[in-house]
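A short worksheet on the structure shown next.
Just so we're on the same page: letters track the sequence lines, and every chain starts at 1. Hydrogens, waters and symmetry mates play no part in the numbers below; they use all other heavy atoms, side chains included. Just so it is clear, the model here is predicted, and its values are computed rather than measured.
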Amino acid sequence: MRLSRYFLPLLKETPSEAQIVSHQLMLRAGMIRQEGAGIYAWLPLGFRVLKKIERIVREEQDRAGAVEMLMPTIQQAELWRESGRYDAYGKEMLRIKDRGEREMLYGPTNEEMITEIFRAGIRSYKDLPKLLYHIQWKFRDEIRPRFGVMRGREFLMKDAYSFDFDEAGARRSYNRMFVAYLRTFARMGLTSIPMRAETGPIGGDLSHEFIILADTGESAVYCDRRLLELPVPGADTDFEGDLQPIIDRYTSYYAATDEKHDAAAFEKQIAEADRIAARGIEVGHIFYFGTKYSEPMRAHVTGPDGKERPVEMGSYGVGVSRLAGAIIEAHHDEAGCKWPVPVAPFHVGLVNLKAGDAGTDDACERLYAALEREGVETLYDDTGARPGEKFARMDLIGLPYQLIVGPRGLENGVVEIKRRADGAREELAPEAAAEKLVADIRAALAVA
RNA sequence: CGGGGCGUGGCGCAGCCUGGUAGCGCAUCUGCUUUGGGAGCAGAGGGUCGCAGGUUCGAAUCCUGCCGCCCCGACCA
């Protein structure tokens, strides 16, 4: 993409309403624009990031055996009356009426709807288990939206729902999502920590929040440092096999958000050097809730004994739009974003330091063509801006690699690669630079 | 929802108290000079001062109502 044709409205100054760094940078880097309290338009650069996050989430859901579908954003109040939540949900639910005065709502979640869909299609225990998901916009009329896309009212969420015949089956479904989440966040450059969470009326141990550590995180969290070093399950993980050992390993260490924190246990179970008391961002939440919806909504299956019983359910959420902010919180510096390659809006920023100069124009065009030919997503700054401005904006939008082409280098037959993550620079002949970028980016995109 | 604050050009702000031709910085446009870390000079364009009433000869400024947004608290992917 040529920058001269792109839509990238950058801000030099930080808008006063943005309190945390990810919000500030998303506004300044032209990724989002606020259209109302907690409601954002995704501008081209931000949209590319959102799509990449979504794709990784999708790939890992599919790998774990979940099946994608799509449910509507607008739901009928009638459905929510079946579960009793229409009255219970409160003002967070955005309620609307259609022209026939029928009560509708913009879905804050989809348990009722998926349960209705499931019960219409499944009768027997032989049809179980089922694991369905979709990635869809939600609306929760939060009392106080803030932190940009980290806590918006409208947000993109992946929500999955499992249906099993018994609790043992439900646990297997839960474990699939547990492992899928570890992989999902790791692929985005995030170290996620599953922390024991509130279980609601069901009790038990099947509820975890996936937290990433960040100084600007919303909640205080406490965990064992050794959790950060556990290996992430590989792409060769057999999701049809027994995943329990992986879960056991992860849950054997202390990890809790402040509402579940037990200071005594924390100090007793962990050596002082391994204690982490930090801030965290919740990017995923998985939990088992049994027959909470299947019972009132009569989502029943017939068992081998010929008796009908409500299915055992669980739900599994990932905050897709929130992740865009969370990744910035984890990867940035004073100058701007530092995108990990798999979620970067473009892989390479090609900087023509003297647009209009035949030599640099020619060299850039060749490099641009070579990179695009190899599938490297390149944002080519072909504008007439001054070098300082070009460097500053590349740093701000945070593409993983900058390929800098100027007359001074070309005189010596070299161009420069700057790696945004650590600022490392390297001068190479143009062809060699392109080859190196292709190799490095392919390596970074390889799914382990 | 309680408490606090703010709406003035694309962004950041001053002006309001004490009514009298709407300003500054950045950005934008034109020209010249510049060109390896957000340039210099000269010129130019752009604002129903959130909206609606009211007071007044006259309202960005005073009064009333409404709308929007932000911050602190309880809630949430």
Side-chain angles (χ1 to χ4, degrees), chain A residues 9-20 23-24 27-28 30 33-39 53 57 89-93 107-110 133 135-160 181 184-185 192 197-198 208-212 218-219 257 259 280-287 315-326 334-336 351-357 360 381 383-396 402 404-412 414-416 418 423 425 427:
Chain A
L10 303 180
L11 302 177
K12 202 168 185 175
E13 295 173 273
T14 301
S16 58
E17 74 269 16
Q19 301 296 307
I20 62 171
H23 190 192
Q24 294 170 349
L27 291 169
R28 289 193 54 212
R33 177 166 176 82
Q34 182 168 348
E35 294 297 338
I39 300 174
I53 293 169
V57 169
Y89 214 90
K91 291 191 172 178
E92 254 187 24
M93 180 185 281
T109 179
N110 286 71
Y133 77 98
I135 298 172
Q136 177 63 291
W137 292 92
K138 305 282 190 289
F139 193 94
R140 291 184 192 169
D141 199 356
E142 298 285 346
I143 290 166
R144 191 172 157 223
R146 55 183 142 175
F147 303 150
V149 300
M150 298 269 285
R151 193 182 302 172
R153 290 197 293 175
E154 186 181 60
F155 57 98
L156 188 61
M157 180 180 177
K158 184 284 300 182
D159 40 324
Y181 279 25
T184 299
F185 302 128
S192 66
E198 295 291 345
H208 286 88
E209 289 181 2
F210 284 72
I211 300 282
I212 65 158
E218 320 143 87
S219 40
T257 58
E259 62 253 23
I281 300 167
E282 182 185 353
V283 290
H285 192 176
I286 61 177
F287 63 102
S315 78
Y316 315 91
V318 169
V320 175
S321 48
R322 167 179 286 190
L323 275 164
E334 319 73 47
V351 180
N352 184 340
L353 285 179
K354 194 167 184 179
D357 175 272
T360 56
D381 186 345
T383 68
R386 305 169 58 80
E389 187 179 351
K390 293 195 175 200
F391 292 136
R393 71 182 168 206
M394 276 300 170
D395 287 347
L396 175 61
Q402 294 170 18
I404 300 161
V405 179
R408 201 175 76 189
L410 288 178
E411 272 178 31
N412 301 317
V414 297
V415 296
E416 184 179 57
K418 175 183 164 187
R425 296 167 183 273
E427 291 197 331

- Message: How many whole angstroms separate atom CZ of A:Phe155 from atom P of B:A77?
- Response: 8 Å
- Note on the structure: Separation of B:C75 atom C1' from A:Arg153 atom CZ, nearest Å, is 14 Å
- Message: Given the structure, check if the side chain of A:Glu13 and the base of B:G25 hold any donor-acceptor pair shorter than 3.5 Å.
- Response: yes
- Distance, P atom - from B:G45 to B:U30, rounded to whole angstrom: 15 Å
- Query: So which nucleotide does B:G68 pair with, by the Watson-Crick or G-U wobble rule with both distances under 3.5 Å?
  - Reply: B:C6
- For the residue pair A:Phe210 and A:Tyr181, does the interplanar ring angle fall in the parallel (under 30°), tilted (30 to 60°) or perpendicular (over 60°) class? perpendicular
- To the nearest Å, give me how far apart CZ (A:Arg33) and C1' (B:C69) are. 13 Å
- How far, in whole Å, is B:G50 from B:A22 if one measures between their P atoms? 15 Å
- Message: Strictly under 4.0 angstrom, non-hydrogen atoms only: write out the protein contact profile of nucleotides 33-39 of chain B, one letter per nucleotide from the 5' end, B, S or -.
- Response: -BBBBBB
- Message: Checking A:Glu259 now: which residues fulfil side-chain contact (heavy atoms from CB on, under 4.5 Å) with it, not counting sequence neighbours?
- Response: A:Glu198, A:Glu209, A:Thr257
- Query: What does B:C16 pair with, Watson-Crick or G-U, if both distances are under 3.5 Å?
  - Reply: none
- Find the distance A:Arg151:CZ to B:C69:C1' and express it as a whole number of Å. 17 Å
- Applying the 3.5 Å cut-off to both distances, the Watson-Crick or G-U partner of B:G45 turns out to be none
- Message: With a 3.5 Å distance limit and no angle check, can you tell me whether A:Arg153 reaches the backbone of A:Asp141 through a side-chain donor-acceptor pair?
- Response: no
- Item | 5' precedence on RNA chain B between A:Met157 and A:Ala18 (nearest-nucleotide basis) | A:Ala18
- Query: Which part of the nucleic acid, if any, lies within contact of A:Gly152, taking any heavy atom under 4.0 Å across all strands shown: a base, the sugar-phosphate backbone alone, or nothing?
  - Reply: base
- Please state how far atom CD in A:Glu218 lies from atom P in B:A74, giving the value in whole angstrom units. 13 Å
- Note on the structure: Residue set satisfying ring pair (Phe, Tyr, Trp, His ring centres under 6.0 Å) with A:Phe155, at least two apart, ordered chain then number -> none
- Can you tell me how far C1' of B:G10 sits from CD of A:Glu17, to the nearest Å? 13 Å
- Hey, which sits more toward the 5' end of RNA chain B by its nearest nucleotide, A:Gly36 or A:Glu154? A:Gly36
- Who pairs with B:G37 - Watson-Crick or G-U, where each distance is under 3.5 Å: none
Please write out each protein N/O paired with an N/O of nucleotides 2-9 of chain B under 3.5 Å, distance rounded to 0.1 Å.
none

- Using a heavy-atom cut-off of under 4.0 Å over every strand shown, decide if A:Val283 touches base, sugar-phosphate, or nothing. sugar-phosphate
- Please state the P separation for the pair B:G65 and B:C26 - nearest whole angstrom. 41 Å
- Message: Using the C1' atom as the point on both nucleotides, what is the distance between B:U64 and B:U56, in whole Å?
- Response: 16 Å
- Are a donor atom and an acceptor atom from the side chains of A:Gln136 and A:Asp159 found within less than 3.5 Å of each other? no
- Query: Under a 3.5 Å cut-off for both distances, is B:C11 Watson-Crick or wobble paired, and to whom?
  - Reply: B:G25
- Task: Hey, could you give me the OG1/CZ distance between A:Thr109 and A:Arg140, rounded to the nearest 0.5 Å?
- Result: 5.5 Å
- Task: Starting from C1' on B:C70, measure out to CZ on A:Arg146 and report it in whole angstrom.
- Result: 11 Å
- Task: Answer yes or no: is there a donor N or O on one side and an acceptor on the other, between the side chain of A:Ser321 and the main chain of A:Val149, under 3.5 Å?
- Result: no
- Item | Whole-angstrom distance between B:C32 and B:C70, as gauged at atom P | 45 Å
- Item | Nearest-0.5 Å distance, CZ of residue A:Phe391 to CG of residue A:Leu353 | 4.5 Å
- Item | Nearest-Å distance once atom C1' is located in both B:A52 and B:C67 | 10 Å
- Can you tell me how far P of B:G10 sits from CD of A:Gln34, to the nearest Å? 17 Å
- Task: Could you give the distance separating B:U34 and B:C41 at their C1' atoms, to the nearest angstrom?
- Result: 11 Å
- Task: State the NZ-CD distance between A:Lys390 and A:Gln402, to the nearest 0.5 angstrom.
- Result: 12.0 Å
- List in chain and number order the residues that pass ring pair (Phe, Tyr, Trp, His ring centres under 6.0 Å) with A:Tyr316, two or more places apart in sequence or in another chain; answer none if no residue qualifies. none
- Query: Mind checking what makes side-chain contact (heavy atoms from CB on, under 4.5 Å) contact with A:Arg408, not counting sequence neighbours?
  - Reply: none
- Please state the P separation for the pair B:G23 and B:U48 - nearest whole angstrom. 14 Å
